[in-house]
Engineer: 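Please find one structure pasted underneath; my questions will follow.
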Amino acid sequence: MSFLIIQSLVNGVILGLLYLLMAIGFTLVFGIMRVVNFAHGEFYMLGAFAAYFAFAVAGLPYPVAVAGAFGGAIVLGAIIERVVFRPFRGDELSGMIASIGLALILQNLALIAFGPDPLSMPSLVSGAYNWGGIILPKSRVVVILGSMVILAIFYYFLMHTRTGRALRALVQDREIAAAYGVRVELMYPLGLALGAALAAMAGAFMAPLFGVSPFVGGTPLLKAFIVVILGGLGSIPGAVIASMLLGLIESTTSTFFGASTADIVVFALVIAVLLVRPSGLLGHKEA
Amino acid sequence: MLGQLEVSNLIVRYGPVEAVRDLSFSADAGQIVALIGANGAGKSTTLKAIMGLCERLQGSVRVDGEDVRSRPGAALAHGVALSPEGRRMFARMTVQDNLLMGAYSGQGQRPQKEVLEQVYQYFPRLKERRKQMAGSLSGGEQQMAAIGRALMAQPRILMLDEPSLGIAPIIVADIARIIHEINKDTGVTVILVEQNAQMALQLASRGYVLESGQIELSGTGEELLANPDVRKAYLGT
Ligand SMILES: Nc1ncnc2c1ncn2[C@@H]1O[C@H](COP(=O)(O)OP(=O)(O)OP(=O)(O)O)[C@@H](O)[C@H]1O
Ligand SMILES: [Mg+2]
């Protein structure tokens, strides 16, 4: 029993980290470009495939696979901003529709290239830690630590570098940021590239746990959406709380009551929070 | 130190609305120049057009004889910084991060740290609150932060859009004194847009009165303060 509890808590933390990685990129892209990016989950999917081919097929070390997913997503994200989103700049609705189109294209390209069957990715490391009877698979510990390192680096970048500051300023007041020399035409592709890269690294990390197929992006996208709404749009602390809450609730409920109960509980929770606090747990009152 | 500004025959339209029509004015290096006028006269639009934040249909902007193009960042590169109407702080960033955003373009001779210390000397209150979110500052403090943020760009020309807006008279007097000090210490040219004509004309060596997007009157600060039309329209006497 206690083993089950520990196990489901660990899984909850992993889910929470996954949702957080997804939600931060999603909210960053929304904040900068004002586009609800429905293709965000497809970057997760591409990251999972990238890791699969680099690690399971080509036999490269895992950090190299993650770095590859990062680099590939940065380049792809910047190109996609240029080709897909730039024509619709300032038109939020068209931008959103373009992102749905992009999601369909990416998913179907993956389907043509890799086929519909789920591929299974081997664990990164085998074995388990045994701390006084608490048994943790090493592979899960690696996923947790890796995600936390990436989140910490990203947080540092956003809060303590000149470019990170410019991105935050742009989110809050585009005109004034531009008046102080922030170049919107560079920051848009950077924002989308970073969002894509966070999603792709999430995919690369989670591939061994959740599998690899053209359809794996849907759930993380939905959960990112929920986290952003639950935590409050644009709030990083809100996103941290919401994603951990979501991950832990989902994992413990599904361990003890089954997966469909977990979904019901999660959505009931979201509705309850929004009834009490329409702008989310830590949201700002604004459009 | 340079900082001569010359705006000629400026026209700005918002759709069918002609907000600024054929407006010309100039400021010598190191001068404080006031632009006053009623609501909707086109004061803010003029400053935005200088900054390249709204499109100029016609007209030119020159800084020290060099032509400034009509796009965001162009005037900044020529040493023009704007403290915008309504302050427009990045509310969910710290005071210090707001100030550092002023220095984002990285131009100017002096090291950023030194300029930051200078801003904190002018506005000690900001130093106390540097780690606080800018949105939590009082209106007067936000105004100081907005001026400080503009100073961080090490401008040759500092443009202030209604620094007295919505601020208690005693703080307005404070801010006026500091604007005067900054101008005297650094030799920066100041373009001061105000509805508070009293404060602006007392500070300024030259003033322009805007009406419906055009210059109606100009003169030294004292002349305008003494002008019966100005007194009637803007000072209520
Ligand atoms: N973004 C905009 N879109 C359309 N019209 C605008 C816009 N901004 C300003 N205007 C119009 O342009 C004219 C000049 O406005 P502006 O803001 O420059 O006046 P102002 O002199 O700064 O007034 P105030 O003292 O109230 O700030 C006004 O008629 C205003 O309604
Ligand atoms: Mg105005």
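So you know, we letter chains A, B, ... as the sequences are listed, proteins then strands, and number each from 1.
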Engineer: To the nearest 0.5 Å, how far apart are OH in Y104(B) and OG1 in T163(A)?
Structural biologist: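 Separation between the atoms: 5.5 Å.
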Engineer: Kindly check if the number of other-residue, nucleotide or ligand heavy atoms within 6.0 Å of CZ (F267(A)) is above 12?
Structural biologist: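 No, the 6.0 Å shell around CZ holds no more than 12 heavy atoms from other groups.
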Engineer: Can you measure from CD1 (I176(A)) to CE (M101(B)) and round to the nearest 0.5 angstrom?
Structural biologist: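 Rounded to the nearest 0.5 Å, the CD1-CE separation comes out at 10.5 Å.
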Engineer: I need the residue from M152(B), K48(B), M51(B) with the largest number of non-hydrogen atom pairs under 4.5 Å to chain A.
Structural biologist: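 Option with the top pair count is K48(B).
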Engineer: Which atoms of V171(A) come close to chain B, meaning under 4.5 Å heavy atom to heavy atom: side chain ones, backbone ones, both, or neither?
Structural biologist: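 The answer is neither part of V171(A).
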Engineer: I'd like to verify something: which residue of G52(B), A150(B), G106(B) has the highest number of heavy-atom pairs under 4.5 Å with chain A?
Structural biologist: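 Most pairs with chain A among the choices: A150(B).
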Engineer: Working to the nearest 0.5 angstrom, can you tell me the gap between T94(B) OG1 and R165(A) CZ?
Structural biologist: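 Rounded to the nearest 0.5 Å, the OG1-CZ separation comes to 8.5 Å.
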Engineer: Closest approach of A179(A) and L76(B), non-hydrogen atoms and distance?
Structural biologist: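 Nearest pair, atom of A179(A) first, then L76(B): O-CD2, 3.7 Å.
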Engineer: Near F157(A) CZ, under 6.0 Å, is it more than 12 heavy atoms from other residues, nucleotides or ligands?
Structural biologist: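 Counting neighbours around CZ of F157(A), more than 12 heavy atoms of other residues, nucleotides or ligands fall under 6.0 Å, so yes.
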Engineer: Just so I understand: if I count every heavy-atom pair under 4.5 Å between each of R168(A), R183(A), R162(A) and chain B, which residue has the most?
Structural biologist: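 Of R168(A), R183(A), R162(A), R162(A) has the most heavy-atom pairs under 4.5 Å with chain B.
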Engineer: Looking at L82(B), is its backbone amide N or carbonyl O close enough to the side chain of Y180(A) to form a donor-acceptor pair, meaning the two atoms are under 3.5 Å apart?
Structural biologist: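 Present.
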Engineer: More than 12 heavy atoms of other residues, nucleotides or ligands under 6.0 Å from CD of E55(B): yes or no?
Structural biologist: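 No, CD of E55(B) has 12 or fewer neighbouring heavy atoms, counting only those of other groups under 6.0 Å.
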Engineer: So does R125(B) have more than 12 non-hydrogen atoms from other groups sitting under 6.0 Å from CZ?
Structural biologist: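 Counting other residues, nucleotides and ligands, CZ of R125(B) stays at 12 neighbours or fewer.
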